[in-house]
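Encoded as structure tokens, the structure appears first; notes follow it.
Quick caveat, the model's predicted, so the values are computed rather than measured.
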Amino acid sequence: MQAQGSGAGANVVGTGAVNATAVWQAAKAQREELGNQLDRLEDQRRSLVNDIEEHSLTGVAKTGVENRIAEIDKRISDVEKQITTSNAAVATAAGVQGAVVAPPPYQRDGPPEEAFVLGGIFIVVVMLPLSIAFARRIWRRGATAVAAFPSDLMDRLSRLDQAVDSIAVEVERIGEGQRFVTRLMSENGRALGVGAAQPADAAARERAAISKEGR
């Protein structure tokens, strides 16, 4: 019988703690709802005041809006009084033993923290050296490909270089001949393409020009 009595007493205590917690939470919910009502009333009042200022209301319209503002002011005053009473009720409910229940500890979902630590160690110890070795292998392959340049392409580039040098020599010879002809024509007092063509002993003139340069 005594054991049964002890069990019944434990049930009563537990039920009382649950009821005290429910009362405290209900008081908090009431206070929160009153705060929301107060915010809505204040928003309505600001909207009415803006209507008067922006639309420059006068006469009957202004009077009607001012009356609505006065009514909202009364409701705001009543809600503020109710909030004061609700604050007192919350404080009283929280004073009951067992009413305030601490929130449960945060439990993180997903893998444990050790998994992230082991993953980081695996990346540093295994993946990083493999990545470096793979990068070095690719770099060596690229260097080998550059070193093994095709010999036939090198021969073609060499012949092209020689051809360009030959063309440059020929162009220089053509320029020398043109300058020589221009100098001969200028010594006779004629410009190219002016006056009738006259026979000229090119060899004699060349010798004369050479003798002049020797002087």
Side-chain angles (χ1 to χ4, degrees), residues 1-139 142:
M1 297 295 294
Q2 292 179 357
Q4 292 178 357
S6 300
N11 292 333
V12 170
V13 173
T15 304
V18 172
N19 291 335
T21 302
V23 172
W24 174 63
Q25 292 178 350
K28 287 179 61 180
Q30 182 183 15
R31 183 179 61 182
E32 184 178 357
E33 178 60 27
L34 290 173
N36 294 333
Q37 292 181 9
L38 181 61
D39 293 338
R40 289 193 292 268
L41 290 173
E42 290 177 348
D43 291 339
Q44 293 179 4
R45 189 181 189 284
R46 282 192 294 269
S47 178
L48 293 174
V49 173
N50 292 333
D51 290 340
I52 295 176
E53 294 177 353
E54 293 179 358
H55 301 288
S56 301
L57 299 179
T58 57
V60 179
K62 183 178 181 181
T63 303
V65 174
E66 289 177 348
N67 292 334
R68 291 184 60 188
I69 293 175
E71 293 178 359
I72 292 175
D73 288 339
K74 292 180 181 179
R75 294 175 60 185
I76 290 175
S77 178
D78 293 339
V79 171
E80 288 178 346
K81 292 178 181 179
Q82 294 178 14
I83 291 176
T84 302
T85 304
S86 180
N87 289 331
V90 171
T92 302
V96 178
Q97 184 178 3
V100 179
V101 180
Y106 173 74
Q107 295 181 354
R108 186 176 59 85
D109 297 333
E113 296 182 356
E114 291 78 5
F116 296 99
V117 175
L118 293 176
I121 295 174
F122 177 78
I123 291 174
V124 174
V125 175
V126 179
M127 298 301 296
L128 183 60
L130 289 177
S131 301
I132 295 174
F134 187 69
R136 291 183 62 184
R137 186 175 181 181
I138 294 175
W139 179 77

Cationic N near anionic O, under 4.0 Å, R40 to E33: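 A salt bridge is present here (some side-chain N lies under 4.0 Å from a carboxylate O).
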
Rounded distance [0.5 Å steps], [atom1] in [X] versus [atom2] in [Y]:
| X | Y | atom1 | atom2 | answer |
| --- | --- | --- | --- | --- |
| Q25 | E32 | CD | CD | 12.0 Å |
| R46 | L48 | CZ | CG | 11.5 Å |
| Q82 | N87 | CD | CG | 12.0 Å |
| D78 | D73 | CG | CG | 11.0 Å |
| T85 | K81 | OG1 | NZ | 9.5 Å |

Can you see which heavy atom on [X] is nearest to which on [Y], and at what distance?
| X | Y | result |
| --- | --- | --- |
| V126 | P129 | O-CD, 3.3 Å |
| A93 | W24 | CB-CA, 3.5 Å |
| L41 | I72 | O-CG2, 3.5 Å |
| Q30 | S86 | C-OG, 4.0 Å |
| L38 | I83 | CD2-CD1, 3.9 Å |
| V90 | K28 | CG2-N, 3.7 Å |

L34 side chain reached by Q37 side chain, heavy atoms, under 4.5 Å: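 The answer is yes; the side chains approach within 4.5 Å.
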
What I'd like to find out is whether the side chain of D51 reaches to under 4.5 Å of the side chain of S47, using heavy atoms alone.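 They are in side-chain contact.
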
Whether over 12 other heavy atoms sit under 6.0 Å from E42 CD: yes

